[in-house]
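To start, the structure under review is shown below, and the notes come after it.
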Amino acid sequence: MELKKTRICNKRPLQSQVRGTGGVLALSLLISGCAVGPNFNAPAAPVNSDQYSYTGKAKVTETVKANTFAGQSQKLSSGQDIPAAWWEVFHSEALDKLIRESLKHNPTLASAQAALRQAQENYNSQADSVLYPSVTGNLGAQRQHASAVSTNVPGGKVLNLYNASVNVSYSVDVFGANKRGLESVQAGVDYQRYQLEATYLTLTANVVTTAIREASLRSQLQATQEILEAQTSQLNVIEKQFTVGAIPKASLLAQRNLVAQTRASLPALQKSVDQTRNQLAVLAGKLPGDADLPEFSLDNLQLPQELPVSVPSALVRQRPDILAVESLLHQASAQVGVATANQYPQFSLTGSYGYSSTDSSKLFNNSMSFWSVGGGLVAPIFNAGALSAKRRASEAAYDQAAAQYRSTVLSAFQNVADTLRALELDAQTLKQQAEVEALAKDTLELTMKQYKLGGVSSLTLLDAKRTYQSARINLVQAQANRYADTAALFQAMGGGWWNRPELADISRTDGTTEKALPSAQ
C-alpha cells in the first residue's frame with residue numbers, strides 16, 4: 001500500500017500547448033484528462049504460508065461428534081460460497097419471519113440507507129457542477145434618470161434599459177483537481193454503501209444470536225425447573241422421613257437449603273429471558289410492550305451439518321468492514337491528488353451572449369446583441385510552502401488510512417480464526433460435557449440408592465445433586481454454543497450479502513413508494 005508520488009498525464013508539456021489567442025482553448029482540448037497524484041489500486045489480499053488456513057494449525061475439516069442433542073458432526077467445506085439467507089440453515093420459520101420483520105422496520109438499517117442516499121445525492125451534485133459547464137440566464141428591466149452630461153439633453157433624460165443574456169462558465173480540469181475531488185466523493189459513497197452492508201450483516205447476525213441466546217436461556221430455565229421439581233419431591237420424602245425420626249434434622253435442612261438455592265436461581269434466568277426478548281423486539285423495530293414475538297428454544301433449531309468456509313484470499317472482498325475501510329483508503333488517496341493538483345495553475349473559460357436595448361420592442365434585434373469569450377488562469381506564485389504542507393498532510397492521512405486498513409484486515413482474520421477454533425473446541429467441549437452429565441446422572445442415581453439403604457450420608461447425596469445440577473446446566477450451555485458458533489462463522493465470512501437481492505429502502509418518511517437501494521456489487 002505504498003503511496004506512489006506520480007503524475008498521471010499522457011500529453012506534452014504545458015508550454016508547448018499554448019499558441020496565440022487560442023492558447024487556453026487548445027490547452028483544454030489537448031491536455032484534458034490529465035490528473036496528477038496517485039492512482040488508487042486495491043491492496044492485495046494477505047497470504048498465509050498455507051493459503052487455505054486461518055489458524056496456522058492443521059486444517060480441521062470435520063468436528064467431533066457427541067452422543068447428545070446438538071452433538072452432530074459439522075463438515076467445513078473450503079471455497080464454498082455463502083448463501084445470502086444463511087440463517088435458513090437453522091430451519092426455523094419463526095427465525096426467518098423475525099428477520100424479515102427486522103429488515104422492514106429496524107431504524108439502524110433505515111439510518112444507514114438514508115446516509116447512503118445522502119452520499120449519492122452529494123456525489124450527483126458535485127459531479128454535475130464539475131463535469132458540465134455552468135449556464136445561467138438573465139432577464140432584466142431597469143428605469144433610470146441619466147444626467148445631461150451623458151445624454152446631451154438639458155435636464156437629463158429618463159431611460160428604460162432592457163437586457164437578456166446567457167452566461168457560461170467552465171473550470172478546465174487540466175491537472176485533475178476536479179477529477180480527484182469527484183473520485184474522493186465517490187469513495188465516500190462506496191464507504192456508505194459498505195457501511196449499509198455491514199449494518200445489514202450485523203442486524204441479521206444479532207437477530208440470530210439473540211434468538212439462540214433466548215433458546216439457551218429457556219433451556220437452562222426449563223432444566224432448572226425440572227431439577228427444582230425433582231428436589232422438591234425429594235424434600236417431601238425427606239420431611240416424612242424426618243417426621244418419623246428416620247433421618248437427622250441436618251439432612252432435612254441441607255435439602256431445604258438446596259431447594260432454596262435452586263429456586264433463587266430462577267428469577268435471574270427469567271430476567272435474562274425477558275431482557276433478551278426485549279432486545280429482539282428492538283431489533284425488529286418495535287417497542288418491547290408492543291412486540292408479538294415467537295418463543296425460541298433449542299429444540300426448534302437444527303444444527304447444520306455442513307458449513308462453508310471461504311479461502312483467506314477471498315475474505316477481504318467479502319467482509320463489508322474491510323471494504324468500507326478500503327473505501328476510506330481510496331478517499332485518502334484521491335485527496336492526495338487534490339492537494340497535488342492545487343499546486344498547479346487553475347484554468348477557467350467564460351462566455352456570454354445577450355441583448356441590451358432602451359426599447360423593449362427592439363430588444364432582440366441583431367444590432368442590440370453583445371457577446372464575450374474569455375479565459376482565465378490562476379497560478380500559485382508564493383504561499384510560503386502552505387500548499388506543499390497540505391500535500392504532506394494528505395499523505396500522512398493516507399498513511400493513517402493504510403494503517404487502519406491493515407488493522408481491520410488483521411482483526412477480520414483473527415475473528416475467523418477464533419470462530420474456527422471455537423467450532424472445533426466447542427464440539428469437543430460438548431462431547432466431554434455430555435460424558436460429564438451422564439456420569440453425574442449415574443452417580444446421583446447410585447448415591448440415592450445408597451442413601452436409602454443408609455450407605456452414604458445426606459451430605460454425600462447433597463454433593464451428588466449439586467454436581468448433577470451443574471453438569472445439566474453446563475450441558476445446555478455447551479449445546480447452545482454450537483449454534484452460536486455456527487452463526488458467528490457465517491458472520492465472520494461476510495454473510496453472503498453479495499448474493500442478496502437489492503434491499504427495499506425503509507428510510508423514507510415522506511410517504512413515497514419504497515425504492516430499492518442497489519447492493520454493493
Side-chain angles (χ1 to χ4, degrees), residues 17-34 114 117-186 188-189 338 341-342 344-381 383 508-513 515:
Q17 299 299 325
V18 183
R19 292 290 186 271
T21 59
V24 174
L25 181 59
L27 180 69
S28 66
L29 294 175
L30 296 176
I31 63 174
S32 59
C34 176
R117 285 195 293 114
Q118 179 187 18
Q120 288 175 326
E121 295 302 335
N122 285 336
Y123 172 83
N124 293 338
S125 174
Q126 182 158 338
D128 292 342
S129 65
V130 302
L131 295 180
Y132 304 100
S134 174
V135 181
T136 59
N138 178 52
L139 180 64
Q142 183 179 2
R143 186 175 179 82
Q144 67 182 30
H145 181 271
S147 67
V149 175
S150 61
T151 62
N152 293 323
V153 176
K157 184 179 181 180
V158 175
L159 298 175
N160 294 323
L161 180 64
Y162 304 93
N163 63 79
S165 63
V166 175
N167 304 302
V168 180
S169 63
Y170 182 62
S171 177
V172 184
D173 198 20
V174 176
F175 297 102
N178 293 339
K179 177 183 177 182
R180 293 303 189 190
L182 198 59
E183 181 184 349
S184 175
V185 177
Q186 178 60 60
V189 175
V338 172
N342 287 338
Y344 291 84
Q346 309 296 317
F347 298 86
S348 63
L349 296 175
T350 60
S352 64
Y353 183 84
Y355 298 86
S356 180
S357 173
T358 58
D359 186 348
S360 60
S361 63
K362 298 179 181 180
L363 176 61
F364 295 103
N365 288 352
N366 290 335
S367 60
M368 301 299 175
S369 65
F370 66 88
W371 60 268
S372 67
V373 176
L377 180 151
V378 177
I381 298 177
N383 51 62
R508 298 178 182 273
T509 59
D510 55 5
T512 57
T513 303
K515 297 182 179 179

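With sequence neighbours left out, Ser184 forms a side chain to side chain donor-acceptor pair (under 3.5 Å) with Gln335. When the side chain to side chain donor-acceptor pair (under 3.5 Å) test is applied to Ser361, the partners found at least two apart in sequence or on another chain are Asp359. Partners of Ser134 by side chain to side chain donor-acceptor pair (under 3.5 Å), not counting sequence neighbours: none found. Take Asn365 and apply the side chain to side chain donor-acceptor pair (under 3.5 Å) test, not counting sequence neighbours, and it matches no residue. Residues forming a ring-ring contact (aromatic ring centres under 6.0 Å, His included) with Phe364 (at least two apart in sequence, or on another chain): Tyr355. Checked against side-chain contact (heavy atoms from CB on, under 4.5 Å), Ala341 has the following partners two or more places apart in sequence or in another chain: Val36, Phe175, Ala177.
The two atoms that bring Val189 and Ala119 nearest to each other are CG2-O, 3.3 Å, heavy atoms only. Scanning both residues, Leu139 and Ala164, for their nearest heavy atoms gives CD1-CB, 3.6 Å. Between Ser356 and Leu161 the shortest heavy-atom distance is OG-CD1, 3.6 Å. In plain terms, the two heavy atoms of Pro380 and Asn342 that are nearest each other are CG-O, 4.1 Å. Pairing each heavy atom of Ser369 with each of Tyr353, the nearest pair is CB-OH, 3.8 Å. What you find for Lys179 and Asp173 is that their closest heavy atoms are N-OD2, 2.8 Å.
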Checklist entry - What do the steps show when you test Ser171 against Val130 for side-chain contact (heavy atoms from CB on, under 4.5 Å), and what is the final call? => result CA-CA 7 Å; Ser171 177; Val130 302; over 6 Å; no

Item to check | Test side-chain contact (heavy atoms from CB on, under 4.5 Å) applied to Val172 and Leu349, step by step | outcome: CA-CA 7 Å; Val172 184; Leu349 296 175; 3.7 Å; yes

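If you check the side chains of Asn167 and Asn138, you find no donor sitting under 3.5 Å from an acceptor.
From Gln186, atom CD reaches atom CD of Gln120 across 8.5 Å, with rounding to the nearest 0.5 Å.
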